[in-house]
Amino acid sequence: MTSLQGKVAFITGAASGIGKHIAEVYAAAGAAIAVADFNPAAAEAAAAELRGRGARALAVTVDVTDEAAVDAAVSKTVAGLGGLDVLVSNAGIQIVAPLQDFSFADWKKLLAVHLDGAFLTSRAAMRHMIEARRGGSMIFMGSVHSKEASVLKAPYVTAKHGLEGLTKVIAKEGAAHGIRANLICPGFVRTPLVDKQIPEQAKALGLSEADVIKKVMLKETVDGEFTTVEDVAQVALLFAAFPSNALTGQSLVVSHGWFMQ
Ligand code: NAD
């Protein structure tokens, strides 16, 4: 099995959905985990669950859009778990509306969580990884929407495309320090984030919820299947454990063929 023995991973949005399962897979591979999330009770519960399985895990409450809070959360992780080797910048939100109805406040809120969050967490991780001189791996949670557009998702598609640029810059700047950066681009995964969108899209598009799943979300896949948290976590494990700079600056689409490179 791919090993993360002796590694420390800081995973944002790790109290729910995709991030929570990445934390479980990393812990099973031997990593110590900082469960970094906005929601303190859920972060503590997820960390306690990991500890119950024999892992080292710390709950770190953080709003990824808050500069001081992100710096403090990374410092707390380094102090509490003895370092930082892997960043998974995964926290995210979704807001859907036609462009003409999008409020400026919602546009800014979505970009802040995805882009400011990725910048602030990677900057804090980069500073630590350079100082510690033991390299590292940064993984950003993109989406098929890093490659494709969909209606009703202007800020989300904009942000997810932006993360591909950030990944490539960090791959270049990090190389001299043994720091790799890669982007995971999942198709639709049944998490609270997607469950919330189904009725919203049904309303906005005038479709039944079953048709939103079949005719919108999974329409372009090769087999009509959702991607799973396990599918995404296995890609995250590959990127975290890969031993050299050969695999850097890449994006890997895991989407049942919705998007083909
Ligand atoms: P989720 O709603 O299940 O989990 C998101 C987590 O992020 C929550 O625990 C939430 O508390 C946390 N979070 C939100 N805002 C935060 C903030 N400001 N600071 C810290 N934590 C915050 O969602 P998910 O589906 O697991 O999504 C995780 C990531 O995967 C997101 O970046 C999302 O865009 C991306 N993604 C999801 C899908 C999908 O279909 N579910 C597909 C492609 C990409």
Side-chain angles (χ1 to χ4, degrees), residues 10-25 34-47 49 59-70 72-74 87-96 106 108-121 124 139-148 150 153 155-164 166-167 183-198 200-201 212-213 216-218 220-221 225-233 235-236 251-256 258-259:
F10 180 92
I11 307 173
T12 70
S16 175
I18 292 171
K20 183 164 192 274
H21 194 60
I22 292 173
E24 290 161 359
V25 167
V35 177
D37 204 284
F38 195 47
N39 179 332
E44 189 42 64
E49 219 178 293
V60 187
T61 304
V62 65
D63 175 351
V64 296
T65 68
D66 178 334
E67 183 176 13
V70 169
V74 168
L87 164 69
V88 183
S89 174
N90 162 81
I93 58 169
Q94 179 61 280
I95 306 170
V96 295
D106 280 346
K108 285 194 279 198
K109 184 175 164 191
L110 196 144
L111 291 190
V113 175
H114 291 268
L115 292 179
D116 297 359
F119 165 67
L120 291 172
T121 52
I139 296 159
F140 297 93
M141 196 54 64
S143 162
V144 165
H145 288 114
S146 301
K147 311 282 184 182
E148 294 266 5
S150 290
K153 295 188 176 175
Y156 190 81
V157 171
T158 302
K160 292 303 192 190
H161 275 65
L163 289 176
E164 183 162 18
L166 179 65
T167 300
L183 183 73
I184 305 177
C185 302
F188 280 104
V189 182
R190 282 308 283 262
T191 65
L193 180 137
V194 163
D195 286 337
K196 179 174 163 282
Q197 277 174 67
I198 295 170
E200 289 172 359
Q201 290 214 22
V212 167
I213 292 173
V216 179
M217 291 182 164
L218 304 179
E220 302 293 340
T221 62
E225 297 281 340
F226 277 102
T227 301
T228 65
V229 291
E230 177 66 10
D231 297 326
V232 181
V235 175
S251 52
L252 203 155
V253 183
V254 52
S255 71
H256 284 262
W258 167 10
F259 178 82

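Order of listing sets the numbers, starting from 1, for every ligand and every atom in it. Only a predicted model underlies this, so the values are computations on that prediction, with no experimental measurement involved.
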*Measuring from the heavy atoms of Phe226, does anything fall under 4.0 Å of ligand 1?*
no

*Heavy-atom closest contact (Val194 atom, Val189 atom, distance)*: CG2-O, 3.2 Å

*List every atom of ligand 1 that sits less than 4.0 Å from any heavy atom of Gly92, numbering the atoms from 1 in the order shown and giving each element.*
5 (C), 7 (O), 14 (C), 31 (C), 32 (O)

*Which protein heavy atom lies closest to atom 7 (O) of ligand 1, and at what distance to 0.1 Å?*
Gly13 CA, 3.4 Å

*asked:* Need the ligand 1 atom indices (1-based, order shown) with element for anything under 4.0 Å from a heavy-atom of Gly17.
replied: 3 (O), 26 (O)

_ligand 1-proximal atoms of Lys160, by part, heavy-atom distance under 4.0 Å_ = side chain

*For the residue pair Ser89 and Ala118, what are the closest heavy atoms and their distance?*
OG-CA, 3.5 Å

*Starting from atom 23 (O) of ligand 1, which protein heavy atom do you reach first, and at what distance in Å?*
Leu193 CB, 3.3 Å

_With no hydrogens and no angle check, just 3.5 Å: does a side-chain donor-acceptor pair link His161 and Glu164?_
no

*Is the shortest heavy-atom distance from the side chain of Val70 to the side chain of Val62 under 4.5 Å?*
yes

*Decide whether an N or O pair under 3.5 Å exists between Ser16 and ligand 1.*
yes

*If you take all heavy atoms of Trp258 and Gly187, which pair is closest and at what distance?*
CE3-CA, 3.8 Å

*asked:* At less than 4.0 angstrom from any non-hydrogen atom of His114, what atoms of ligand 1 do you find?
replied: 32 (O), 34 (O)

*Of the backbone atoms (N, CA, C, O) and the side-chain heavy atoms from C-beta on, which set of Asn90 has a member under 4.0 Å from an atom of ligand 1: side chain, backbone, both, or neither?*
both

_Nearest heavy atoms of Ala233 and His21, plus distance in Å_ = CB-CD2, 3.6 Å

_Closest protein heavy atom to atom 35 (C) of ligand 1, given as residue, atom name and distance to 0.1 Å_ = Met141 CG, 3.7 Å

*Among protein heavy atoms, which sits nearest to atom 43 (C) of ligand 1, and what does the distance come to when rounded to 0.1 Å?*
Pro186 O, 3.4 Å

*Gln94 contact mode with ligand 1 (heavy-atom cut-off under 4.0 Å)*: neither

*Do the ring centers of Phe188 and His256 come within less than 6.0 Å of each other?*
no

*If we only count N/O pairs under 3.5 Å, is Val64 in contact with ligand 1?*
yes

*State, to 0.1 Å, how close Ile93 and His114 come at their nearest heavy-atom pair, and which atoms those are.*
O-NE2, 2.8 Å

*Examine ligand 1 and decide if any of its atoms is less than 4.0 Å from a heavy atom belonging to Ala14.*
no

*In terms of residue, atom name and distance, what is the protein heavy atom nearest to atom 42 (C) of ligand 1?*
Gly187 O, 3.3 Å

*Would a 4.5 Å heavy-atom cut-off, applied to side chains only, mark Glu24 and Val229 as touching?*
no

*asked:* I'd like to check Glu200 versus Gln94 (side-chain heavy atoms, cut-off strictly below 4.5 Å). Are they in contact?
replied: no

*Looking at side-chain heavy atoms only, is the closest gap between Asp116 and Val64 below 4.5 Å?*
no

*Of all the non-hydrogen atoms in the protein, which one sits nearest to atom 38 (C) of ligand 1, and at what distance?*
Ile18 CD1, 4.0 Å

*Within-cut-off N or O pair, Tyr156 and ligand 1, under 3.5 Å*: yes

*asked:* Give me the nearest non-hydrogen protein atom to atom 9 (O) of ligand 1 as residue plus atom name, then the distance to 0.1 Å.
replied: Asp37 OD2, 2.6 Å

*asked:* On a heavy-atom basis, which atom in Lys160 and which in Ser146 lie closest, and how many Å separate them?
replied: O-OG, 2.9 Å

*Under 4.0 Å, heavy atoms only, figure out whether ligand 1 is touched by the backbone of Val62, its side chain, both or neither.*
backbone

_Residue and atom name of the nearest protein heavy atom (relative to atom 25 (O) of ligand 1), distance in Å to one decimal_ = Thr191 OG1, 2.4 Å

*Atoms of ligand 1 close to Val194 [distance to a heavy atom under 4.0 angstrom, numbered from 1]*: 39 (C), 40 (O), 41 (N)

*Examine ligand 1 and decide if any of its atoms is less than 4.0 Å from a heavy atom belonging to Pro192.*
yes

*Would you confirm whether Thr12, through its side chain, and Ala36, through its main-chain N or O, come within 3.5 Å as a donor-acceptor pair?*
no

*asked:* At under 4.0 Å between heavy atoms, is it the side chain or the backbone of Val189 that contacts ligand 1, or both, or neither?
replied: both

*Does the pair Arg190 and Ile213 meet the rule for a side chain to side chain contact (heavy atoms under 4.5 Å, CB included), with working shown?*
CA-CA 10 Å; Arg190 282 308 283 262; Ile213 292 173; 3.7 Å; yes

*Provide the number and element of each atom of ligand 1 under 4.0 Å from a heavy atom of Asp63.*
17 (C), 18 (N), 19 (N)

*Examine Ala36 against ligand 1 and note whether any of their N/O atoms are separated by less than 3.5 Å.*
no

*With no hydrogens and no angle check, is any side-chain donor or acceptor of Lys196 less than 3.5 Å from a backbone partner on Ile95?*
no

*asked:* List ligand 1 atoms under 4.0 Å from Gly142, heavy atoms only on the residue side.
replied: 43 (C), 44 (C)

